[in-house]
Amino acid sequence: NAAQFLPNGNILVRFTSPNKEGELRIIDREARTIRRVVFPDTELADLTLNREGTLFAMNSSTKCEIRAVSDLNVISTFSDHPRRIRDLRFSPDSSMVVTASEDGNVRIFDTHDGRIKRNIPAFPRYAMSAAFTADSRRVASTDSFGNLKVWNVTPRLALEEIKDAN
């Protein structure tokens, strides 16, 4: 389960019930109301907001959706990882989403059409996290052993690799 504040002070909450049913709740703190959306047979693994709080990305295992916060309409969908997605984040300008997967790949998707902009075979095993730099030109990713790699969004080679000494 996870909760994130929207810019207007409302709260977006992700739940997964014991029977693996996903649920989103938007809690309007001023009106003291809760809007619920249930996703049957869908375990919501992760949820992230864009900087403006107008879009959110959520994933269930290998499938991701970008939705508008205002009406919950689907903006785009992508499901290109063969194994579970461990992390997903928007670029600061909200034009891209980066994912890190148990397949070892880090992928960058276009927010609006869901197309892959770049596939980075980052690690031989689990990619655990990924994030954009403030200028959206680089992506940092970590693996399950604590190693870190920094990538340019466009070229193919790693800029920097830092291995855990342990």
### Message
Counting only heavy atoms not in Arg35 (residues, nucleotides, ligands), do more than 12 fall under 6.0 Å from its CZ?
### Response
yes
### side chain to side chain donor-acceptor pair (under 3.5 Å) against Thr48, all qualifying residues, sequence neighbours excluded
Arg89
### Query
For the side chain of Thr142 and the backbone of Asn147, is there at least one donor-acceptor N/O pair under 3.5 Å apart?
no
### Query
For Phe78, what are the other residues in its hydrophobic cluster, where any two members join if their side-chain heavy atoms are less than 4.5 angstrom apart?
Leu55, Ile66, Ile75, Leu88, Phe90, Val97, Phe109, Ile116
#### Entry: Test salt bridge (Lys or Arg N to Asp or Glu O under 4.0 Å) applied to Lys63 - qualifying residues, sequence neighbours left out
Glu65
### Message
Given 3.5 Å as the limit, does a donor-acceptor pair link the side chain of Arg118 with the main chain of Val153, or not?
### Response
yes
#### Entry: Side-chain (Gln4) to main-chain (Leu47) donor-acceptor, under 3.5 angstrom
yes
### Non-hydrogen atoms of Ser76 and His112 that approach each other most closely
CB-O, 3.7 Å
### Message
Going by the rule side chain to side chain donor-acceptor pair (under 3.5 Å), which residues pair with Thr77 if we only count those two or more places apart in sequence or in a different chain?
### Response
none
### Message
Checking Ile34 now: which residues fulfil side-chain contact (heavy atoms from CB on, under 4.5 Å) with it, not counting sequence neighbours?
### Response
Arg25, Ile27, Arg36
#### Entry: Contacts of Arg115 that satisfy salt bridge (Lys or Arg N to Asp or Glu O under 4.0 Å) - sequence neighbours left out
Asp113
### Message
Holding to side-chain contact (heavy atoms from CB on, under 4.5 Å), I want the full list of residues that pass it with Pro82, two or more places apart in sequence or in another chain.
### Response
Asp103, Arg107
### Task
Could you grab the distance from atom CZ of Phe132 to atom CE of Met96, nearest 0.5 Å is fine?
4.5 Å
### Task
Check Met128 against Ala100 and note the closest heavy-atom contact, atom names and distance.
C-CB, 4.0 Å
## Note on the structure
For Asp110, the side chain to side chain donor-acceptor pair (under 3.5 Å) test, sequence neighbours excluded, returns none
### Query
Just by modelled atom types, is the Ser91 backbone N or O under 3.5 Å from a matching donor or acceptor in the Ser136 side chain?
no
### Query
Of all heavy-atom pairs between Thr99 and Cys64, which one has the smallest distance, and what is that distance?
CG2-SG, 4.2 Å
#### Entry: Side-chain donor or acceptor of Asp87 paired with backbone N/O of Ala130 under 3.5 Å
yes
### Partners meeting side-chain contact (heavy atoms from CB on, under 4.5 Å) with Asp28 (sequence neighbours left out)
Asn10, Glu30, Ala31, Thr33
### Task
Mind checking the CG-CD1 spacing from Asn59 to Ile85? Nearest 0.5 Å is all I need.
5.0 Å
### Residue list, side-chain contact (heavy atoms from CB on, under 4.5 Å) with Ala122, at least two apart or on another chain
Val106, Ile120, Ser141, Trp151
### Query
What ring-ring contact (aromatic ring centres under 6.0 Å, His included) pairs are there with at least one residue in residues 42-70, not counting sequence neighbours?
none
### Task
Measure the CG-CE distance between Leu12 and Met58 for me, rounded to the nearest 0.5 Å.
10.0 Å
### Task
Can you sort out the partners of Arg125 under side chain to side chain donor-acceptor pair (under 3.5 Å), two or more places apart, ordered by chain and number?
none
